[in-house]
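These numbers were taken from a predicted model, which means no experiment stands behind them. All chains are named by letter (A, B, ...) in the order of the sequence lines, taking the proteins before the strands, and each is independently numbered beginning at 1.
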There are 2 protein chains.
Amino acid sequence: MSNSHDTEAASPAKAPKAPADEESTTPGVGFSVSSITRRWKREDLLKKGSLIARGFAFFLSLLSFIITASNKHGDWENFDNYEEYRYLLAIAILSALYTGVQAFRHVSAKLILDQRLSAMLDFVGDQVVSYLLISSVSAAIPMTNLMREGQDDIFTDSSASAISLSFFAFILLAISAMISGYKLSTQTYI
Amino acid sequence: MSNSHDTEAASPAKAPKAPADEESTTPGVGFSVSSITRRWKREDLLKKGSLIARGFAFFLSLLSFIITASNKHGDWENFDNYEEYRYLLAIAILSALYTGVQAFRHVSAKLILDQRLSAMLDFVGDQVVSYLLISSVSAAIPMTNLMREGQDDIFTDSSASAISLSFFAFILLAISAMISGYKLSTQTYI
């Protein structure tokens with residue numbers, strides 16, 4: 001814009017061409033402004049979406065952690081007799097910590113890192129934690145299935161619910177990972 | 001560029017300013033050309049990297065599939081008695097098919113889809129298949145661990161090697177998913 005303005009000021013002999021120029025630039029400006037506001041809206045939506053996904057993932061992992069950790073009913077019905085449930089518990093704790101810190105970081109806006117670094121951290125963190133979550137869920141399912149064939153009591157039910165909660169946390173984090181991948185890309189180029 | 005050239009042709013009175021203009025634009029052109037070639041090189045490297053990752057993932061999943069499918073030694077030592085190994089086999093087949101078709105598609109350059117659609121397909125496909133692979137590996141590990149505590153023969157060894165192969169295929173596909181995420185982003189904006 002400034003360039004064309006400069007040229008017109010320097011050579012007033014080009015007056016007849018000016019209206020045509022203006023006509024061609026005005027829709028361009030209108031288009032770019034609307035596309036920028038559209039982009040802001042989209043990014044705002046994505047930011048909110050990511051925050052909501054992480055918030056729910058935090059809640060679900062915390063619940064999964066509490067349910068697994070309190071799943072002790074004496075004798076063989078203690079979660080800590082089985083490495084699968086110990087793994088499920090460990091990953092649920094890790095996921096709750098990660099999503100909690102991330103949600104806090106994005107809400108408070110105090111712990112501000114470099115934008116690029118922050119986007120990278122979000123993407124890699126979401127990816128790794130979602131791989132760990134699906135892994136812990138898959139490890140715990142066969143054992144639980146086997147137990148539920150034999151009997152169906154509070155121990156196996158608690159395990160099954162903790163597994164489902166971790167699975168939903170995985171779904172949310174996988175969505176959040178896609179959103180952060182998208183954000184990372186916009187950070188890199190614009 | 002074409003804009004400034006146009007202006008000079010229209011107003012030759014601005015001759016003294018021309019050299020300064022040229023001086024200021026030349027390094028800009030040099031910079032943008034070098035940045036474009038750098039970008040081409042980087043994209044070429046990523047394309048090759050993605051192809052190599054998928055090729056190796058294809059090889060590893062195929063090996064995992066063959067080892068699991070031939071893991072039959074009579075009595076209880078048949079892979080198909082255990083749902084974990086059936087799941088491992090199914091996902092190894094799926095992963096071999098997916099990576100094979102993708103590698104073929106990118107090598108042959110005959111099956112050309114719309115660029116944007118193709119990048120989207122790559123990203124979502126890589127993500128989903130890598131989640132499935134880590135899930136099948138995690139499901140098969142506890143059972144194999146338990147069996148190897150009791151005894152250590154050709155059946156458990158084959159299972160363990162199939163699991164390792166699937167795991168390495170997962171690592172490669174996770175890398176490929178990151179590369180396709182990056183590619184998707186460059187497709188969207190440039």
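Note: B/Q127 CD to A/Q127 CD = 4.5 Å, rounded to the nearest 0.5 Å. Between the CD atom of B/E84 and the CG atom of A/N145 there is a distance of 9.0 Å, given to the nearest 0.5 Å. Residue A/I141 holds its CD1 atom at 9.5 Å from CD of B/E83, rounded to the nearest 0.5 Å.
Heavy-atom distances place both the backbone and the side chain of A/A174 under 4.5 Å from chain B. The contact between B/F170 and chain A is made entirely by side chain atoms (from C-beta outward), counting heavy-atom distances below 4.5 Å. Only the side chain of B/F123 comes within contact range of chain A, with heavy atoms under 4.5 Å apart. In this structure, chain B has no heavy atom under 4.5 Å from any part of A/Y87.
The number of heavy atoms from other shown groups lying within 6.0 Å of OH (A/Y82) is above 12. Other residues, nucleotides and ligands place no more than 12 heavy atoms under 6.0 Å from the CH2 atom of A/W40. Under a cut-off of 6.0 angstrom, the local environment of CZ in A/F155 is crowded, with over 12 non-hydrogen atoms contributed by other residues, nucleotides or ligands. Within 6.0 Å of CZ on B/F168 lie no more than 12 heavy atoms contributed by other residues, nucleotides or ligands.
When each of A/L133, A/L132, A/I134 is tested with B/I134 by the rule side chain to side chain contact (heavy atoms under 4.5 Å, CB included), just one qualifies, namely A/I134.
Both A/F56 and A/L165 are part of a single hydrophobic cluster, where members link through side-chain heavy atoms under 4.5 Å apart. Cluster membership check: A/V129 does not share its hydrophobic cluster with A/L63, using side-chain heavy-atom separations under 4.5 Å among Ile, Leu, Val, Met, Phe, Trp and Tyr. When the side chains of ILVMFWY residues are joined at heavy-atom separations under 4.5 Å, either directly or via intervening members, B/Y85 and B/W76 end up in a single hydrophobic cluster.
A donor and an acceptor atom, one from each side chain of A/S135 and B/S138, are located under 3.5 Å apart. Counted by atom type alone, A/Y131 and B/S130 present one or more donor-acceptor pairs between their side chains at under 3.5 Å.
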